[in-house]
Protein chains: 2
Amino acid sequence: MSTKSADRQPTLEDVALVAGVSRATASRVINGSKKVNAQMIRKVQRAVKTTGYVPNTAARTLVNGKTGSIALVLSGSDGSAEQVFGDPFFGRVAGGVVKHLSNEGIHPSLVLADSDEARAKAIAYVRRGGADGALLVSTHADDPLPGLFVDERLPAVLFARPGRPTPISFVDLDHDKGAALAAERLVARGCRNIATISGPPAVLAAQDREKGFRQAMAQHGRPYVPVAIGNFTRESGELAMAQLLRDHPTLDGVFVANDLMAEGALQVLRDHGRRVPDDVAVVGFDDSLPARQAEPGLTTIAQPLEEMSAEMARLLLARIADPTIQPTSVIFSPRLVIRESA
Amino acid sequence: MSTKSADRQPTLEDVALVAGVSRATASRVINGSKKVNAQMIRKVQRAVKTTGYVPNTAARTLVNGKTGSIALVLSGSDGSAEQVFGDPFFGRVAGGVVKHLSNEGIHPSLVLADSDEARAKAIAYVRRGGADGALLVSTHADDPLPGLFVDERLPAVLFARPGRPTPISFVDLDHDKGAALAAERLVARGCRNIATISGPPAVLAAQDREKGFRQAMAQHGRPYVPVAIGNFTRESGELAMAQLLRDHPTLDGVFVANDLMAEGALQVLRDHGRRVPDDVAVVGFDDSLPARQAEPGLTTIAQPLEEMSAEMARLLLARIADPTIQPTSVIFSPRLVIRESA
DNA sequence: GTGAAAGCGCTAACAC
DNA sequence: GTGTTAGCGCTTTCAC
């Protein structure tokens, strides 16, 4: 199919030779400089085609100091690396990022930072020119990674606000509002005894959702909201639901802080013979793919994860292009998705 | 925290200066050359520490022609890029690859190749030095990408055997054996009327599973196996199961070519009042995470995806290190995982 | 064992 | 407009 003469990749020198111009002119044409004679442009373009020339990234990077690539850093607390992609939340975020950057011709490199050592290596990776900057997806409030990037003055943008006040850009969801949406739905349904299954306290989003839910409930004259704590896994949702059912048998509505736990809750309710939503109404959070197919369909709070991911990428690209711009944050609004469960 | 003097990254020159040696010696120490005086080693190491030196990847790449990074190319047929990570199969493969390579200090870049244009760009990406080689995860038998990589003499390894005979390394599962395992289970349970829900004909794995299932059934004296065709999504599994139930009401056992479809099948069976496994036994394929939590627990054929991914990475690394080695294939064995559904 | 110097392929002044 | 040239930071002969 392809008929390369030499075995090495053609260089700019080869192109210039074939086109009968200087390397500089060839370079100008290839980089779309305005100030080139139309005829030479054609000559060079033809030469590029015949030689099959592709500019060498390393050489470019070396001279202009930009790699043109970015890192997608997944910073988990434990070593649960494999499951990251199994998690529908990470899956959607990663997918959104990859999709958006593909359009820009950028292929993010995946970096797992699930230990102090891995975090140090992630920093070194960017420093040595592995990427111009990083997209940080970490949920733990005490994750030291954002601080490390700021300390090193490396461009980075977070998904979810940082645990400590840190001069860094981020995108986030208005979790309070999402929780309020859930509260209103449950109250409007006529639920009298409403509880919540919360996420791990170390995760800011979980804190926000629980706090927001309590506030909204208080505004509806319900100052007391029983809570069971899970860790965002399906199993923990089962456990929490079982506990709630034991401690509060008259329960008739529950807000679960993510869909995975909600699935577990749904199953426990079914096992205990409670009909959903007639006996107990359930509202989840995320609008994850599996949740859409749950039985019964899960009423939930949707986050525009793909949009958020795209915006995160945009913020980083802007920061890389102009290192002087100030940190900004973009907060997205959640949306109530009504299905059968509430 | 960090107290960098200049704002630019320290270079080898800086290290050499601080250590009081030449660049060459500093380079030798940093690259672990044997032939260096122990004392200079110490001096250089100290200088590295005080300067906070990190070798520049682009410069290294430029001189030795290796980027030290690899591409993970996901080659879908349609433009369904975002869902890639939502799919538990891709999720596990991607996770396995990332996990394995992280240990080697390599962070794969994710490349979506879901159109002819995207495929051409993927090739160009590797050619320009974006990566030393590619891990190709594509399931469609007619995917042109493997051929393109071979034509360009770019190192690549496939997940799943190529559709056309192609001189390229790959890892794969013994799908025949997996299907036979399923057949035996169903027969051993005493099922009399056994059907199968197959995957898309364009996917080799789907072909293999159906063919293998028929063969195994024939060996058990069951030459006739009704089939309904799905496309590996949950919805298509529902449709296929409904059709099977309509056309073969006496059905009492079904082999479903992947877990996602099996989930859909399970739900349709429940909706139709068929008890699983008493009325209809179901065997899936994949042992995906969601399937493990299905209700009832899904009996399925497990693939060691993480091991397969790791082996795929190993093969590529070996090929990059020595371009002369011949293509090899590594076939993994599936395993029957018994839960409640069969 | 150690240093000097030549490039790897490219871009960007700088002259013309 | 176009060509010449000096590096970008590193590894690696090649002398010493």
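All chains are named by letter (A, B, ...) in the order of the sequence lines, taking the proteins before the strands, and each is independently numbered beginning at 1. Scope of the values below: all heavy atoms of this structure, side chains included, with no hydrogens, waters or symmetry mates.
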- Message: Please determine whether salt bridge (charged side-chain N to carboxylate O under 4.0 Å, His left out) holds for the pair A:R92 and A:E306, giving the CA-CA distance in whole Å, both sets of side-chain angles, and the decisive distance to 0.1 Å.
- Response: CA-CA 7 Å; A:R92 278 181 69 196; A:E306 286 80 9; 3.0 Å; yes
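- Not counting sequence neighbours, A:N56 has no partner by the side-chain hydrogen bond (donor to acceptor under 3.5 Å, both in side chains) test.
- With sequence neighbours left out, the side-chain hydrogen bond (donor to acceptor under 3.5 Å, both in side chains) criterion links A:R28 to no other residue.
- Scanning for salt bridge (charged side-chain N to carboxylate O under 4.0 Å, His left out) contacts around A:R319 gives an empty result, with sequence neighbours left out.
- A donor-acceptor contact shorter than 3.5 Å links the side chain of A:D172 to the backbone of A:R161.
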Considering only distance and modelled atom types, tabulate donor-acceptor pairs under 3.5 Å from the side chains of residues 102-111 of chain A, sequence neighbours left out.
{"from": "A:S102", "atom 1": "OG", "to": "A:V98", "atom 2": "O", "distance (Å)": "3.0"}
{"from": "A:S109", "atom 1": "OG", "to": "A:Y125", "atom 2": "OH", "distance (Å)": "2.9"}

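- Under the salt bridge (charged side-chain N to carboxylate O under 4.0 Å, His left out) criterion, A:R23 pairs with A:E13, sequence neighbours left out.
- Of the residues in residues 38-48 of chain A, those with a non-hydrogen atom less than 4.0 angstrom from any atom of DNA chain D are A:M40.
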- Query: Does the ring pair (Phe, Tyr, Trp, His ring centres under 6.0 Å) test come out yes or no for A:F159 and A:F89, once each step is laid out?
  - Reply: CA-CA 12 Å; A:F159 193 100; A:F89 169 81; 5.8 Å; yes
- Query: What one-letter contact string describes nucleotides 7-14 of chain C from 5' to 3', where B marks a base within less than 4.0 Å of any protein heavy atom, S marks contact via sugar-phosphate atoms alone, and - marks no contact?
  - Reply: BBBBBBB-
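- Comparing the local axis fitted to the first five base pairs of the helix from C:dG1-D:dC16 to C:dC16-D:dG1 with the one fitted to its last five gives a bend of 40°, rounded to 10°.
- Not counting sequence neighbours, the partners of A:D14 by the salt bridge (charged side-chain N to carboxylate O under 4.0 Å, His left out) test are A:R8.
- Protein chain A touches strand DNA chain D; the 5'-most and 3'-most nucleotides with an atom under 4.0 angstrom of its non-hydrogen atoms are D:dG1 to D:dG9.
- Not counting sequence neighbours, the partners of A:D116 by the side-chain hydrogen bond (donor to acceptor under 3.5 Å, both in side chains) test are A:R119.
- No donor-acceptor distance shorter than 3.5 angstrom exists from the side chain of B:T166 to the backbone of B:G147, with no hydrogens or angles considered.
- Partners of A:S27 according to the side-chain hydrogen bond (donor to acceptor under 3.5 Å, both in side chains) rule, which considers only residues two or more places apart in sequence or in another chain, are A:N31.
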